[in-house]
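Remarks on the structure that follows.
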Amino acid sequence: FHSENFQALSLMQARYRGKVKCVYIDPPYNTDASPIIYKNGYQRSSWASMMADRLQLDASLRSEQSILVVAIDDFEYPDLQAILEGIAHGHHHATAVVRSKPQGRPTTSGFSANHEYAVFWGADESIIGRLPRTGSKAERYPHSDRKGIYSWANFRKSGTDSDRTDRRRSFYPVFVKAETVRIPQMEWDENQESWQIKEVPSNGEEAIWPIDASSLEKVWTCSPERATDEIDDIRVERDGSGRIEIYKKYRPNQDGALPGTWWDDSQYSASESGTKVLKELFGSKDFDFPKSINLVIDCLRVGNAGPGDVVLDYFAGSGTSGHAVATLNREDGGNRKVILVEQGDYFWTVLLPRLKKIAFTPEWKEGKPK
């Protein structure tokens, strides 16, 4: 929509009511820092009124499981929270602190801000999406098989709740023969709170208990029932002295990692992944303060914008949200739809050309397709 956003939100009520899964908006921050067509020098009451009117309309467009994501700074963060609580369409899930300006915002005195916020708001039914594991998080799981990524971890539990007295049902023997393991037949004795072993090791087998090098009675990391079901994930290792250690594949959630509230990755830098992206697309800087494409992509992931969902951004600016949706669709073959609203003249000079360019090919350099 090339439109003032209150009118656009009003117009789309009949068609999109209850159909939007994720809303991402980057409203004006109520400062004189940038020449956004929405007056970026509102008195606080005027800014609050402007936001309340639009958030009220977007609430009726969102589905019961939707997530609203709002980019905001320190100055208007308290007012935004008050507005969202007053509208009463959901509750605060989390606020992520985003290191969007590693070098700091230009200023002549006081503090040079490095951060902004991403506020996540939604109903009780909302499901928070996960983020891909990268860097050190991905390195924790260097192996993969048909079930997904994993790492090897000692089958004997350590740390908190690792003593036999903490989890008596996880203290049982594992029968080992050469490189094979099995869980023997057992029966739980409620009176003695221990497993009664119903068989003895066969020829060549050895019973291994979760007893550590200090002869302390520990426990295995899972129950005998689960160990039996996942026996293919267990292996035997022998150290130089012949001592047997048992290892099991540890599998994290295969959908990704839970998002934290401190987003400090360099990929969220507005200059590196915002301004430079536009320069590559157009060969010059055509827009002030574009958002990092990677930041918006991850906000949509956390907003659980799935392959067939509708995304809305009614402060669309340079079209980063549209670019982000196209990128996600390319990644997983999805068919997400995106609704963008912008009234500035850069709708024609930046936003629409940007969408056409990234629809043609994802990679550009100095205004030319790679």
Side-chain angles (χ1 to χ4, degrees), residues 128-266 301:
I128 302 301
R130 291 174 176 263
L131 295 175
R133 291 180 178 87
T134 58
S136 60
K137 290 183 179 180
E139 291 169 2
R140 295 176 194 169
Y141 309 101
H143 311 291
S144 64
D145 59 17
R146 60 184 179 81
K147 294 180 182 178
I149 60 174
Y150 67 90
S151 63
W152 287 106
N154 200 307
F155 190 36
R156 187 179 61 253
K157 187 174 174 59
S158 61
T160 307
D161 296 330
S162 63
D163 294 333
R164 179 180 182 178
T165 53
D166 297 322
R167 301 170 61 207
R168 294 183 180 278
R169 283 180 173 268
S170 293
F171 184 81
Y172 55 90
V174 173
F175 286 3
V176 174
K177 182 178 181 180
E179 304 303 319
T180 63
V181 298
R182 71 182 180 93
I183 310 302
Q185 295 295 315
M186 300 180 293
E187 185 177 294
W188 180 252
D189 187 322
E190 288 288 353
N191 294 324
Q192 305 217 4
E193 292 187 301
S194 64
W195 289 102
Q196 300 301 307
I197 313 304
K198 296 298 184 180
E199 59 178 311
V200 297
S202 63
N203 186 33
E205 282 187 327
E206 182 179 355
I208 305 298
W209 295 82
I211 297 174
D212 67 13
S214 300
S215 300
L216 297 175
E217 291 185 336
K218 296 293 187 177
V219 293
W220 301 124
T221 57
C222 66
S223 67
E225 295 85 1
R226 181 176 172 185
T228 301
D229 291 340
E230 300 177 0
I231 201 70
D232 291 340
D233 285 353
I234 300 175
R235 77 179 188 190
V236 178
E237 283 194 7
R238 289 173 172 81
D239 63 19
S241 66
R243 177 182 170 84
I244 292 176
E245 291 286 358
I246 300 176
Y247 289 84
K248 187 177 185 296
K249 292 178 181 178
Y250 174 74
R251 300 182 185 276
N253 187 295
Q254 298 297 316
D255 293 330
L258 288 173
T261 55
W262 171 233
W263 294 22
D264 65 336
D265 197 291
S266 60
R301 285 174 171 146

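Note that these values count all heavy atoms, side chains included, but never hydrogens, waters or copies made by symmetry. Quick note: residue numbers are just sequence positions, from 1.
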* Asked: Do Lys248 and Cys222 come within less than 4.5 Å of each other through their side chains, counting heavy atoms only?
  -> yes
* Structure fact -> Paired with Trp195, the ring-ring contact (aromatic ring centres under 6.0 Å, His included) test is passed by just one of Trp188, Phe171, Trp220, Tyr172, namely Trp188
* To do: Mark yes or no for whether Arg133, through its side chain, and Gly256, through its backbone, hold a donor-acceptor pair below 3.5 Å.
  => yes
* Asked: Does Arg238 reach the side chain of Val176, with side-chain heavy atoms less than 4.5 Å apart?
  -> yes
* With the side chain counted from C-beta on, respond yes when Glu206 and Phe175 share a heavy-atom pair under 4.5 Å apart, and no when they do not. => no
* Asked: Is the shortest distance from a Lys or Arg side-chain nitrogen in Arg251 or Glu230 to a carboxylate oxygen in the other one below 4.0 Å?
  -> no
* To do: Return yes if some donor-acceptor pair links the side-chain N/O of Glu179 with the main-chain N/O of Arg235 below 3.5 Å, else return no.
  => no
* Salt bridge Asp166-Lys157, side-chain N to carboxylate O under 4.0 Å -> no
* Testing Glu217, Glu190, Glu193 for salt bridge (charged side-chain N to carboxylate O under 4.0 Å, His left out) with Arg168, which one passes? -> Glu193
* To do: Give a yes or no on whether the backbone of Arg226 and the side-chain of Ser223 come within a donor-acceptor separation of less than 3.5 Å.
  => yes
* To do: Return yes when atom CD of Gln185 has more than 12 non-hydrogen atoms of other residues, nucleotides or ligands closer than 6.0 Å, and no otherwise.
  => no
* Mind checking whether Lys177 and Pro201 have side chains closer than 4.5 Å, heavy atoms only? -> no
* Asked: With distance as the sole criterion, is a donor-acceptor pair present between the side chains of Thr165 and Asp163 under 3.5 Å?
  -> no
